[in-house]
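Remember, it's 1-based here, ligands and their atoms both numbered in the order they're listed.
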Amino acid sequence: MRSIHRGILLCLGLLATTPAFAWGPLGHRIVADLADAQLAPGARAQVDALLASEHMQSMADIANWADTLRDDPAQAALGKATAPLHYVNMHGSCDYKPALDCPDGQCVVGAINHYAAILGNRRLPVAARAQALNFVVHFVGDVNQPLHAGYQQDRGANDYQVQFDGQGSNLHRMWDSGLLSTRHLDALDYTALLQKQGPVTLPAPIAPLDNPPAQWAEESCKVVMNEGVYPQGHVIGQSYIERERPIAERQLRIAGKRLADLLNRVLGDSRTVSTPR
Ligand SMILES: [Zn+2]
């Protein structure tokens, strides 16, 4: 009896402390597939070589690896160490403030810059660069999921309960996977649907930020601030899906383009990769 009780407490504890980790498997696969189709030849060759070193076929195959680490006993320490790298907590406004929002580079903005630098450094061992590719593919998806740069006080809406389809959920999970699941498509079909919309126009770079992932986080934060993201009465109905799903899908398209651009840059001819925090 006591052990059952302890088990329940343990489960509750895990529920309370385990953050949801961004686009669900579907969203991350879509971002990877969208990016894959936009790789330049130089980056394509290097991505394929790094994937082959891990016995993987495609970027979609590695896109969710970073979310599986904590469930794998052999990787749990890495999962724990990298848990804060899936999001950024913006403080007070959507202006990214490195010292406050990303101390010691421990947020998704710092993580993208850190792992992009490893990925682009051809003097480093293949294993380190392949691992960095896994993280970059995942974290570029994460930073473009708006609620990964949302309000700190409700942990990116993980603490904001909603009703959806007659069931309880939370708003973060809705944006990770609930909204996308309403299409009833697998990753390949969903990617094809989004590709039919043509190339996405990226927001213009913000000068003098000079730290692209920070800009991406600021944009995600501003999406969260839009009226309507937090549903009236905590209920996700059809009108919410019709209004917000296009926004989520645009974020996927933006993430795919940005991931491709980043890979083309760090794996192209340019050997120098700056590392702002
Ligand atoms: Zn994540």
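Asp142 has its closest N, O or S atom to the Zn ion (ligand 1) at the position named OD2.
Salt bridge Asp33/Arg29: absent, no basic N to carboxylate O contact under 4.0 Å.
Side-chain heavy atoms closer than 4.5 Å link hydrophobic residues (I, L, V, M, F, W, Y) into clusters, and following such links, even through other members, never connects Leu100 to Met225.
Centroid-to-centroid, the aromatic rings of His138 and His28 come within less than 6.0 Å.
Between Tyr230 and Tyr160, the two ring planes are perpendicular [angle over 60°; tilted spans 30° to 60°].
At a threshold of 2.8 Å, the Zn ion (ligand 1) has a backbone or side-chain N, O or S atom of His86 nearer than that distance. For residue His138, an N/O/S atom approaches the Zn ion (ligand 1) to within less than 2.8 Å.
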